[in-house]
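Notes for the one structure printed next.
Chain letters run A, B, ... following the sequence lines, proteins first and then strands; every chain starts at 1. These numbers come from the heavy atoms of this one structure, side chains and all, not from hydrogens, waters or symmetry mates. Bear in mind the structure is a predicted one, so any value in this text is a computation, not a measurement.
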Amino acid sequence: MAFWLLKSEPDVFSYADLVRVGVEPWNGVRNYQARNNLRAMREGDLCLFYHSNAKPAGVAGVARVVKAAYPDDLQFDPASPYFDPKSSQDNPRWSMVDVAPVVAFPAVLSLDTLRGLPAWTSSPLTQKGARLSVMPVTPEQFSEALQAAGVILEL
DNA sequence: GCCAACGTTGGC
DNA sequence: GCCAACGTTGGC
């Protein structure tokens with residue numbers, strides 16, 4: 001099993017929203033590095049659900065990949081802000097996965113706290129100017145985050 | 001709201 | 001293929 005971190009602005013889509021809807025297609029990713037990470041996900045992988053542009057910014061819970069990468073339908077929708085005229089049905093440029101909630105953290109594990117965890121110093125998340133919205137997380141980073149959040153999860 | 005960092009676009 | 005201009009991200 002692999003671990004990941006997904007960024008979402010809670011004003012747009014929060015962890016509570018994920019709990020409410022049950023399963024969510026993670027569409028709208030339009031960055032190649034993030035897309036490649038989406039494509040590397042496998043069903044059953046676990047994701048830290050990160051609230052960006054929030055007070056505080058941080059991890060709100062854990063989500064599970066319930067469907068591996070498939071074409072993001074918004075790229076074909078001219079009415080969508082995520083429409084990509086250069087993409088084609090034959091060779092879709094953008095992908096998405098489906099995710100479902102696993103456990104909400106009792107409180108948001110803030111970016112500030114993450115920065116204080118040993119394994120997180122090397123994460124793209126804590127680098128200056130980091131904007132990557134889908135990134136890999138090491139097993140050490142994942143377990144440190146769970147521990148700091150006070151969450152026990154059977155893997 | 002500010003602004004640094006970064007990715008993308010497009011003229012050449 | 002370079003690079004300036006521009007748009008977006010996201011912490012603060």
Side-chain angles (χ1 to χ4, degrees), chain A residues 2-21 24-41 45-65 69-99 101-138 140-151:
Chain A
F3 304 101
W4 309 91
L5 182 143
L6 297 173
K7 286 185 188 174
S8 182
E9 299 193 24
D11 290 348
V12 179
F13 191 83
S14 69
Y15 191 83
D17 291 325
L18 181 63
V19 171
R20 185 170 47 76
V21 300
E24 176 73 3
W26 207 258
N27 52 28
V29 170
R30 295 294 180 268
N31 168 281
Y32 286 105
Q33 198 178 347
R35 180 207 67 181
N36 293 343
N37 288 332
L38 284 178
R39 289 183 176 177
M41 291 182 182
D45 285 357
L46 294 178
C47 307
L48 298 175
F49 193 111
Y50 182 89
H51 283 176
S52 62
N53 261 325
K55 292 177 185 177
V59 178
V62 178
R64 185 188 312 276
V65 177
Y70 61 108
D72 180 342
D73 47 3
L74 297 183
Q75 69 195 305
F76 305 122
D77 178 4
S80 168
Y82 298 111
F83 176 64
D84 185 348
K86 294 177 185 168
S87 188
S88 70
Q89 295 277 354
D90 289 346
N91 187 20
R93 180 178 291 189
W94 305 110
S95 301
M96 60 184 178
V97 298
D98 287 354
V99 295
V102 174
V103 60
F105 283 2
V108 169
L109 180 62
S110 71
L111 177 58
D112 211 39
T113 305
L114 283 170
R115 286 205 169 103
L117 303 177
W120 281 87
T121 54
S122 60
S123 170
L125 184 74
T126 55
Q127 306 301 308
K128 192 177 173 186
R131 303 189 332 187
L132 186 59
S133 63
V134 182
M135 70 184 74
V137 163
T138 67
E140 291 76 20
Q141 288 164 353
F142 192 81
S143 71
E144 279 182 5
L146 285 189
Q147 188 177 13
V151 170

Hits for salt bridge (Lys or Arg N to Asp or Glu O under 4.0 Å) against Arg30(A), two or more places apart or cross-chain, chain-then-number order -> Asp72(A)
Go nucleotide by nucleotide along DNA chain B from the 5' end; which of Gly129(A) and Lys86(A) gets its closest nucleotide reached first?
Gly129(A)
Kindly write out the residues that satisfy ring pair (Phe, Tyr, Trp, His ring centres under 6.0 Å) with Tyr32(A), not counting sequence neighbours, or none if the list is empty.
Trp94(A)
Restricting to pairs with a member in residues 3-13 of chain A, which pass side chain to side chain donor-acceptor pair (under 3.5 Å), not counting sequence neighbours?
Trp4(A)-Asp45(A), Glu9(A)-Asn53(A)
Contacts of Phe76(A) that satisfy ring pair (Phe, Tyr, Trp, His ring centres under 6.0 Å) - sequence neighbours left out
none
Among residues at least two apart in sequence or on other chains, which ones pass salt bridge (Lys or Arg N to Asp or Glu O under 4.0 Å) with Asp112(A)?
none
For nucleotides 6-12 of chain C, 5' to 3', base contacts (B), sugar-phosphate-only contacts (S) and non-contacts (-) with protein non-hydrogen atoms under 4.0 Å give -BBBBBS
